Each structure stands twice: as C-alpha cells, then as structure tokens.
Amino acid sequence: MDRKPAPPKVRWIALYIAQFLALIMGAQASRTVEAVEAKLESDAAADLAGSPEFQVTVEIVELVDGKSYPIDRHLIIFKNDQAYDFSLVQPMDVTVIDWKAEQMVVLSRQKSLQSSLPIANVQQSAAQVRVYAKKNDLESHLGIDAVAKRSADGTIELSFDDYHYAATGNTVQSPSLAARFAQFTLATARLNLARHRGAPPFARMSLAKELAAKGELPQTVQLQIESDGKTRTLVSHYTVKEKLSPEAEDRVRKVTEMMTLYRDVPMADMP
C-alpha cells in the first residue's frame, strides 16, 4: 500500500528477468509455493467472511529537512468480501479486491477503463519470483528473508538491501480487522509486483504479517531508502474508523456503476 519511488531501473530489470525465467525454470517448484500461499489466502478469506465493516485513511508524507510534504492519500474501505482502495490524489484510480469472486480489478477514473486479474495469477507471480530468488541466492537482495524485529517500545523494524522499515501498531478491539487489513496489504503488494510497480514487496508483506500476529493495524510506517549516498524518508500515517461513513458507502455504490460502464482492457494497457 505504501507508495514508494521506483528503485533503480536495473533492479526491476532483474525482477522482470526473474519472473520470465521462473516461468520456464521454476514452474514446478513455483506451483508448490503458489499452492501454499493460495491455501493461506483461501483460509483467511473464509475466516474473515462476515467480519465487521471498517475504513482506513492513509496519509503519506515525505520528510525533507525536518518538514513534512504530503505526497499521497488513500481511503481503504472493507465491506462484505471486498476491499476498495481509493486513491484520493491524481490519477485517483480505484483498486477492488473481491475475495469471493477471486478477482482484483483496477479502475482508471481518468480514462474510464478497467482491468481485472484472477487472485491466483497474482499469487503465482509472487511465487515465481520467490522460487527464482531462492535458486539464484537473491532472497536477501529482494527482502524475501528479511525478519521483522520488535524493540522494547513495540516498534517493529525490518531492513533489506537499501531499504529500512520502522513501524508502530495500534491494537484494535476485533482481531479480524487486523487480519483483514494484513490480507489486503499482501494482496496489493502482490498486485504491484505483477504490474512491475514499486519496490520489492516481500519485506512489507512480512511487516503486515507481524502486525496482524499481534492483533494490530499499522499506526505509522516509516520507510528510508538509500540511493547514491542520499536518504529518502517516507512516512505513512493510518487512521482507522470501525464503521463506514455515509461518504464511504456512497463511494462503494459508485464503484458498481464504474464497473458497469468502464471499458475492459488488458492490465498492460492500463495508464
């Protein structure tokens, strides 16, 4: 979920190669990993069916010389078996994850376009990268083997390559809210990987699992990125409401209209 600047181009070229080669070299092994991840997702979806509706606002800022500069904002709505991720800044796209239909849909509000992917396909992309990384000793480079550690004050830290995360969590009354938010974070992280967007997602996925294991939703997530001797710091602030506002309900209704009216295109043709 945390939107980050793209890492150096060479890293994503390596990932593109990894995914392509995994299709050929690691197909059998990736099916094993995929089956395990798919079962975890399926079990989680079944356990969370009928969980309370809630919404999360995410404000993302960049820290420069001690000052905060807003760079992104999202509203994430959880209703029934779906999660709706509304970007509140341009281009104001919407991502819908429907665990019951086993589909992810990306909606471009600027272009009136939509594209969907089966959740199983998105899981397969992540599984294939994991397999290729293991075969080629790239797990540390991609953050696959990064371990989340809690300090005495409850801060969770996790590092890999040029990335360092530090997160704080908020315990919520219903553990299912924490589990459902983690399920959403894992799904969107895999979707970004399948679309070749952002940094390697595996460390952020580990962070989400650690928060959910303690029944917590994220309160803040800080990401520091080292590049060419410079450090960039991004901080995401999370605000949770354990019921849906009238505005949120209206947004969900409008998504139904978008999915009826918007033209279908392949994911590669989305803006």
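All figures in this text were calculated on a predicted structure; none of them were measured in a lab. Sequence positions, counted from 1, serve as the residue numbers for this chain.
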Closest approach of [X] and [Y], non-hydrogen atoms and distance?
X    : Y    : result
Y132 : N136 : O-ND2, 2.9 Å
M205 : L186 : O-CD1, 3.7 Å
I119 : D98  : CD1-O, 3.9 Å
F54  : K241 : CB-O, 3.3 Å
Y84  : V255 : CE2-CG1, 3.9 Å
M267 : S115 : N-OG, 2.9 Å

Between [X] and [Y], do the side chains contain an N or O donor and an N or O acceptor separated by less than 3.5 Å?
X    : Y    : answer
E242 : Q55  : no
T57  : T239 : no
H237 : T220 : no

Evaluate K134 against E139 for salt bridge (charged side-chain N to carboxylate O under 4.0 Å, His left out), listing each step before the verdict.
CA-CA 6 Å; K134 185 172 184 178; E139 290 174 298; 5.8 Å; no
Are side-chain heavy atoms of [X] and [Y] found at a separation under 4.5 Å?
X    : Y    : value
P218 : F181 : yes
P91  : P271 : no
I71  : V61  : no
V252 : I77  : yes

Note: R253-E257 ion pair, threshold 4.0 Å (strictly below):
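Result for this pair is no, no salt bridge flagged.
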Which is it for K149 and E157 under the salt bridge (charged side-chain N to carboxylate O under 4.0 Å, His left out) test, yes or no, and what are the steps along the way?
CA-CA 5 Å; K149 298 179 180 179; E157 297 195 53; over 6 Å; no
Donor-acceptor contact present, side-chain [X] to main-chain [Y], <3.5 Å:
X    : Y    : result
Q114 : Y262 : yes
T155 : A167 : no
T260 : T256 : yes

Evaluate the criterion salt bridge (charged side-chain N to carboxylate O under 4.0 Å, His left out) for residue pair R150 and E210; output intermediate values, then yes/no.
CA-CA 9 Å; R150 283 185 182 258; E210 173 63 24; 2.8 Å; yes
Passes salt bridge (charged side-chain N to carboxylate O under 4.0 Å, His left out), K243 versus E53? Steps please.
CA-CA 6 Å; K243 63 178 181 179; E53 299 174 352; over 6 Å; no
Between V122, T188, L191, which is the residue that forms a side-chain contact (heavy atoms from CB on, under 4.5 Å) with I97?
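Of the listed options, the one satisfying the test is T188.
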[atom1] ([X]) with more than 12 external heavy atoms under 6.0 Å:
X    : atom1 : answer
K111 : NZ    : no
D137 : CG    : no
D153 : CG    : yes

Spacing of [atom1] belonging to [X] relative to [atom2] belonging to [Y], to within rounding of 0.5 Å:
X    : Y    : atom1 : atom2 : value
T231 : I225 : OG1   : CD1   : 10.0 Å
F160 : D145 : CZ    : CG    : 10.5 Å
Q82  : D85  : CD    : CG    : 14.5 Å

